[in-house]
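Take a look at the structure below.
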Amino acid sequence: MAFQFAGADTALVHIQHLISDKVNLADYQILAIPGGFSYGDDIAAGILLAVEMKHKLTNALNRFVEDGKLIIGICNGFQVLVRTGLLPGTLAMNTSAKFECRWVDLETQESLCVFTKGVKAQVYLPVAHAEGRFTAPANVLSELEANHQVVFRYAESRYPNNPNGSDSNIAGICDATGKIFGLMPHPERFLTKWNHPRWTRLVKTQDTCSEEGDGLVIFKNAVNYVKANLL
Ligand SMILES: NC(=O)CC[C@H](N)C(=O)O
């Protein structure tokens, strides 16, 4: 629905339909791996879907990446992207050892990410996960910083504002091309002002609350990128 709001034609495709060639990944410009509980988080969140993609969809996925097409993984989708190796690091159990569900402030970093061009400095988005603690070896973390691949950070390092204890407060990263993006917060849950958890109070106090939710621009950027570069 977020991509529809952003003006794209969308299809909800089951992984088995891609594996069996019933649907061809090459017919699409953007691959969005959504949040949820793929395979019930068995073994670890995202791992089984990642294994399917890596081993049964190898050629189609490699070709998609080589063609410079866009991939976004949100929450469970981010977990899948790190476990396929398309993004570095890993997503471990939250330091609280429980599912964390709340709205958090994020700081947008200056990054290569094509999805976050022109996104305002502070955004407000919900998180809902148990395995969202981004962690990576020190050399990988420094590379991510140096190459401008850190896309979002939690605005505060303390729990519960950093909901999971992630290294360097990282909430989202991209690959070295800026075309593969993974994040734990859910931009698709803040598309209009009516998604804001306090929109009625904001209206009453005549506080500013723009018509567009903070998440929508991420999907619009992707659609605009495709229109300008891939079609
Ligand atoms: N909202 C989600 O995608 C949750 C991801 C995963 N099931 C977790 O709990 O970490």
Side-chain angles (χ1 to χ4, degrees), residues 1-6 10-16 18 30-54 57 61 70-106 113 115-116 123-136 151-155 159-175 180-192 195-197 213-216 218-219 222:
M1 190 156 102
F3 275 109
Q4 289 169 1
F5 265 55
T10 63
L12 196 57
V13 178
H14 197 284
I15 181 72
Q16 298 307 333
L18 288 171
I30 303 172
L31 170 63
I33 311 172
F37 291 76
S38 56
Y39 295 93
D41 285 355
D42 275 0
I43 305 177
I47 201 159
L48 294 175
L49 183 53
V51 166
E52 294 240 83
M53 287 176 64
K54 203 169 152 181
L57 212 59
L61 203 55
L70 303 185
I71 303 181
I72 182 170
I74 299 169
C75 201
N76 195 228
F78 185 18
Q79 294 163 337
V80 169
L81 289 178
V82 297
R83 294 193 163 113
T84 54
L86 286 169
L87 288 176
T90 192
L91 288 153
M93 179 61 81
N94 299 342
T95 42
S96 65
K98 60 188 174 74
F99 193 88
E100 297 289 343
C101 182
R102 74 176 61 80
W103 286 67
V104 294
D105 287 308
L106 301 167
C113 185
F115 291 85
T116 52
V123 298
Y124 191 50
L125 292 176
V127 294
H129 59 254
E131 294 179 44
R133 179 164 58 89
F134 181 80
T135 175
V151 182
F152 284 124
R153 283 185 220 274
Y154 301 107
Y159 178 82
N161 299 310
N162 173 338
N164 48 47
S166 62
D167 288 350
S168 311
N169 300 313
I170 289 174
I173 57 167
C174 65
D175 75 330
I180 305 178
F181 176 35
L183 74 170
M184 287 315 293
H186 286 268
E188 82 289 4
R189 295 189 190 175
F190 192 15
L191 301 176
T192 79
N195 295 135
H196 191 290
D214 289 358
L216 184 57
I218 287 174
F219 303 97

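Reckoned from all heavy atoms, side chains included, excluding hydrogens, waters and symmetry mates. All ligand and atom numbering here is 1-based and tracks the order in the structure.
Atoms of ligand 1 lying under 4.0 Å from any heavy atom of His186, numbered from 1 in the order shown and given with element: 1 (N). Per-residue contacts place Glu131 under 4.0 angstrom from the following atoms of ligand 1 (heavy atoms of the residue considered): 8 (C), 10 (O). For ligand 1, the atoms closer than 4.0 angstrom to any heavy atom of Phe99 are 9 (O). Each of the atoms 3 (O) of ligand 1 lies under 4.0 Å from some heavy atom of Gly35.
Side-chain polar atoms of Asn164 and Tyr159 form no donor-acceptor pair below 3.5 angstrom. Judged purely by distance below 3.5 Å, without hydrogens or angles, the side chains of His14 and Gln16 never pair a donor atom with an acceptor atom.
When atom types are taken as modelled, the side chain of Asn162 and the backbone of Gly165 share a donor-acceptor pair closer than 3.5 angstrom. In this structure, Arg153 contributes its side chain and Gly172 its backbone to no donor-acceptor pair below 3.5 Å.
If you check which protein heavy atom lies closest to atom 2 (C) of ligand 1, you get Cys75 SG, 2.8 Å. Protein heavy atom at the shortest distance from atom 9 (O) of ligand 1 is Ala130 N, 3.0 Å. Looking only at heavy atoms of the protein, atom 1 (N) of ligand 1 is closest to Ala128 O, 2.8 Å. For atom 7 (N) of ligand 1, the closest non-hydrogen atom on the protein side is Asp41 OD2, 2.6 Å. Of all protein heavy atoms, the one lying nearest to atom 3 (O) of ligand 1 is Gly36 N, 2.7 Å.
Between Phe3 and Phe219, the ring planes are perpendicular. Angles over 60° get that label, and only those under 30° would be called parallel.
Between Gln79 and ligand 1, an N or O atom pair is found at a separation short of 3.5 Å. When only interatomic distances are considered, the shortest N/O to N/O separation between His129 and ligand 1 does not fall below 3.5 Å.
Of the candidates Leu183, Asn169, Ile170, Leu183 is the only one forming a side-chain contact (heavy atoms from CB on, under 4.5 Å) with Phe152.
For Phe99 and His129, the distance between ring centers is not under 6.0 angstrom.
You'll find the side chain of Ile173 reaches within 4.5 Å of the side chain of Pro88, heavy atoms only.
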